[in-house]
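Shown next, in C-alpha cells, is the structure this report addresses.
So that the names make sense, note that chain A is the first sequence line, chain B the second, and so on, each numbered from 1.
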There are 2 protein chains.
Amino acid sequence: MSTAQGTDSRKALLDATECLLIERGHAALTVRVVAKEAGVNHGLVRYYFTNLDNLLLEAFDRFTNRLFERQRVLYAQDISFIEKWRTAMDDLEIEDREAGYGKLWLEMQSMAWNKPELKERLQEVNRGWRTILTDAFTHAMNDYGIDTQRFPVDAVVSLVMTFNFGLQLEAIGGTTDGHEALLEMIDQQLQLAENAKDPVTHQE
Amino acid sequence: MSTAQGTDSRKALLDATECLLIERGHAALTVRVVAKEAGVNHGLVRYYFTNLDNLLLEAFDRFTNRLFERQRVLYAQDISFIEKWRTAMDDLEIEDREAGYGKLWLEMQSMAWNKPELKERLQEVNRGWRTILTDAFTHAMNDYGIDTQRFPVDAVVSLVMTFNFGLQLEAIGGTTDGHEALLEMIDQQLQLAENAKDPVTHQE
DNA sequence: AGCACCTTTATACAGATGTCTAATAGTAAA
DNA sequence: TTTACTATTAGACATCTGTATAAAGGTGCT
C-alpha cells in the first residue's frame with residue numbers, strides 16, 4: 001500500500017504519541033511504550049522514524065500543521081469580528097481545555113522549550129496567530145472606533161494571545177476559577193461595542 | 001553539621017535540580033545527572049531523599065514556599081495599588097522571563113501536570129495569588145470607581161493572572177512581540193485612573 | 001585511645017532504554 | 001511459480017537508570 005507515506009503502523013505511532021503526551025506527558029515517552037500503545041512492534045519506530053526524537057518531531061509537525069490549517073480556515077471566513085471571536089472561543093471551550101487538546105498543545109510547548117528545532121517551529125505558529133489576530137483586530141478596532149493611540153493594536157493582540165495561553169495553562173493546572181466570568185465579561189463588552197456600531201441590532 | 005536538615009550536599013542536590021530544570025527541562029533529570037551537577041556522589045540521593053521523585057517533590061516544595069513568601073511580602077506592603085502593580089511587574093521583568101525564574105516556574109508547572117501530588121500544591125499557590133489579587137483589585141476598583149457590575153472582580157483577576165501566565169509562556173517559547181507594548185498600555189491606563197482619582201498628582 | 005554517629009563512597013544488580021540486525025511474512029508484478 | 005520489494009517480527013547489544021548494600025571516612029565525645 002502506501003501511496004505517499006502512511007501505512008497504518010506509521011499513523012498508529014503518531015497517534016499513540018499524541019495520546020501518550022495527553023495521558024502521561026512527554027517525559028514518559030519511550031520507544032517501547034509508544035510502540036505498545038500503538039499496538040505495533042517497537043522495531044517499527046526505527047523503520048519509519050529512525051529514532052524517537054524524529055518521531056516526536058514528526059508528531060510535532062503534524063500537530064502544528066493542523067494548527068496552521070485552523071488558522072487558514074478561520075482567516076478565510078468572511079464573517080463579522082464578533083462572530084470570529086465567538087467561533088474561536090467556542091473552539092477552545094473550557095471543557096476542552098481540561099481535556100486532550102489543550103494538554104497536547106502544552107506538552108508540545110514544553111517539549112519545545114528544550115529542543116531548539118521544535119522551538120523555531122513553535123514560533124512560526126505563534127507568528128501565524130499573531131498575524132491573523134493583528135489583521136482582525138486592526139479592522140475591528142477601526143470599526144468599533146477604538147482609539148489605537150491609547151490602545152495600540154499590538155498591545156491588544158498580545159493581551160488576547162497571552163490571556164488565552166494563560167487560560168489553557170491554568171485549566172491544565174486544574175484551576176478554572178473566574179474563567180467563565182472573564183469570557184462572559186469580554187463577550188458582553190464586545191456585544192456592547194457591536195451594538196454601538198450598529199444600533200439596529202440591539203437586543204435584550 | 002546539620003542543625004535541622006541541610007548538609008551542604010542536601011542543599012546542593014536541591015540547587016542542582018533547579019539548575020537542571022532551567023537548563024534541560026524535567027525530562028532530562030536522572031539521579032546520576034543531578035548528583036553530578038551537584039558535585040556529589042549519586043548514592044546521596046537515596047540517603048537524603050530516598051528516591052528521585054521525592055527529591056523532585058522537595059525541590060518543588062522549596063520552590064512553592066519561596067512563592068508563598070513572595071506573596072506574603074507583597075501582601076504585607078502598605079503601598080498604593082499602582083505601586084504594588086509596578087512592583088509586581090518589575091519583579092517579572094521581560095528579561096527575567098526569558099531567563100531562569102520563568103523557566104523554572106513553567107518546568108515546575110509541566111512536571112505537575114502529570115503528578116497529582118504536585119498538582120495540588122500548585123493549585124494552592126494559584127489560589128494564594130488569586131486571593132491576594134482579588135483583595136487588591138476589590139479595593140483598587142472601588143477607589144478608581146470602576147463599575148464592578150460591568151467588570152466583575154473575579155473576571156478582572158482572571159484576566160490579570162492569565163495574561164501574566166501567558167507572558168511567561170510566550171517568553172519561554174521565544175516570543176516577546178508586543179509584550180512591552182502591552183505592559184506600557186496597562187501602566188498608562190492605570191496612571192490615568194490614578195490621576196482621575198487624585199487630580200493633584202497630575203504629571204506630563 | 002576507644003566509641004558512637006552521621007556522612008560519603010564505591011560497587012552491585014535487575015530492569016529499562018535506544019539502537020541495530022538478521023530472519024520472516026506479506027504482496028504485487030513477472 | 002519465481003522474483004522483488006515492502007512491512008513486520010523477534011531478539012541481541014551496550015548503555016543508562018533506579019535502587020540497594022556494605023564498607024570507609026569524618027567528627028566529636030568519653
Side-chain angles (χ1 to χ4, degrees), chain A residues 1-21 23-62 107 110-112 114-118, chain B residues 1-21 23-62 107 110-112 114-118:
Chain A
M1 286 290 91
S2 83
T3 31
Q5 60 170 196
T7 342
D8 289 347
S9 298
R10 197 190 147 83
K11 185 170 176 303
L13 282 170
L14 290 170
D15 292 343
T17 301
E18 284 192 8
C19 209
L20 287 170
L21 280 176
E23 285 171 6
R24 303 198 216 165
H26 69 272
L29 297 189
T30 71
V31 172
R32 284 171 175 85
V33 167
V34 175
K36 187 169 187 179
E37 174 80 17
V40 140
N41 187 282
H42 76 269
L44 291 183
V45 170
R46 176 177 154 79
Y47 184 71
Y48 286 110
F49 303 96
T50 70
N51 59 41
L52 183 65
D53 270 335
N54 207 257
L55 166 57
L56 296 183
L57 195 139
E58 288 213 31
F60 189 83
D61 255 34
R62 195 179 68 157
E107 283 291 343
S110 70
M111 266 181 61
N114 304 293
K115 308 200 179 193
E117 332 87 76
L118 304 189
Chain B
M1 281 298 83
S2 81
T3 31
Q5 60 170 196
T7 342
D8 290 347
S9 297
R10 196 190 148 83
K11 185 169 176 304
L13 281 169
L14 290 170
D15 292 342
T17 300
E18 284 192 8
C19 209
L20 287 169
L21 280 176
E23 285 171 6
R24 302 198 218 167
H26 70 272
L29 296 190
T30 71
V31 172
R32 284 171 175 84
V33 167
V34 174
K36 187 169 188 181
E37 174 80 17
V40 141
N41 187 283
H42 77 269
L44 292 183
V45 170
R46 177 175 153 80
Y47 184 72
Y48 284 109
F49 303 96
T50 70
N51 60 40
L52 182 64
D53 270 336
N54 208 257
L55 165 56
L56 296 183
L57 195 138
E58 288 214 31
F60 189 82
D61 255 33
R62 196 179 67 158
E107 283 291 343
S110 68
M111 266 180 62
N114 304 293
K115 308 201 180 193
E117 330 88 74
L118 305 189

For this session: Return yes if some donor-acceptor pair links the side-chain N/O of B:Glu37 with the main-chain N/O of B:Ala16 below 3.5 Å, else return no.
Result: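 Not confirmed, B:Glu37 side chain does not pair with B:Ala16 backbone.
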For this session: State whether the side chain of A:Thr17 and the backbone N or O of A:Leu13 hold a donor-acceptor pair below 3.5 Å, judged by distance alone.
Result: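 Such a contact is found between A:Thr17 side chain and A:Leu13 backbone.
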To the nearest Å, give me how far apart [atom1] ([X]) and [atom2] ([N]) are.
X       : N      : atom1 : atom2 : answer
A:Leu13 : D:dT9  : CG    : P     : 11 Å
A:Leu20 : C:dT17 : CG    : P     : 12 Å
A:Asp8  : D:dT6  : CG    : C1'   : 14 Å
A:Leu44 : D:dA10 : CG    : C1'   : 12 Å
A:Asn41 : C:dT24 : CG    : P     : 16 Å

Exercise. Measuring from B:Leu56:CG to B:Leu118:CG, what's the distance to the nearest 0.5 Å?
Worked result: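 Going from the CG atom of B:Leu56 to the CG atom of B:Leu118 covers 8.0 Å.
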Exercise. Side-chain N or O of B:Tyr47 less than 4.0 angstrom from OP1 or OP2 on C:dC6?
Worked result: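 No, B:Tyr47 has no side-chain N/O under 4.0 Å of OP1/OP2 on C:dC6.
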Problem set entry | Side-chain N or O of B:Ser9 closer than 4.0 Å to phosphate OP1/OP2 of C:dT8 |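 Answer yes for this pair, as a side-chain N or O of B:Ser9 is under 4.0 Å from OP1 or OP2.
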For this session: Taking only Lys NZ, Arg NE, NH1 and NH2, and the carboxylate oxygens of Asp or Glu, determine whether A:Arg10 and A:Glu58 approach each other closer than 4.0 Å.
Result: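 The answer is yes: the pair qualifies as a salt bridge.
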Problem set entry | Residues forming a salt bridge (Lys or Arg N to Asp or Glu O under 4.0 Å) with A:Arg62, sequence neighbours excluded |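 If we apply the salt bridge (Lys or Arg N to Asp or Glu O under 4.0 Å) test to A:Arg62, skipping adjacent residues, the hits are A:Asp15, A:Glu18.
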Problem set entry | Pair B:Glu107-A:Asn114, side-chain donor/acceptor within less than 3.5 Å |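 Yes - a donor-acceptor pair under 3.5 Å links their side chains.
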Exercise. When we call it a touch if two heavy atoms are under 4.0 Å apart, what does A:Tyr48 touch: a base, just sugar-phosphate, or nothing?
Worked result: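 The residue A:Tyr48 makes sugar-phosphate contact but no base contact.
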For this session: Let me have a per-nucleotide readout for nucleotides 13-23 of chain D, 5' to 3', with B, S or -, counting only protein heavy atoms under 4.0 Å.
Result: ----BBBBB--
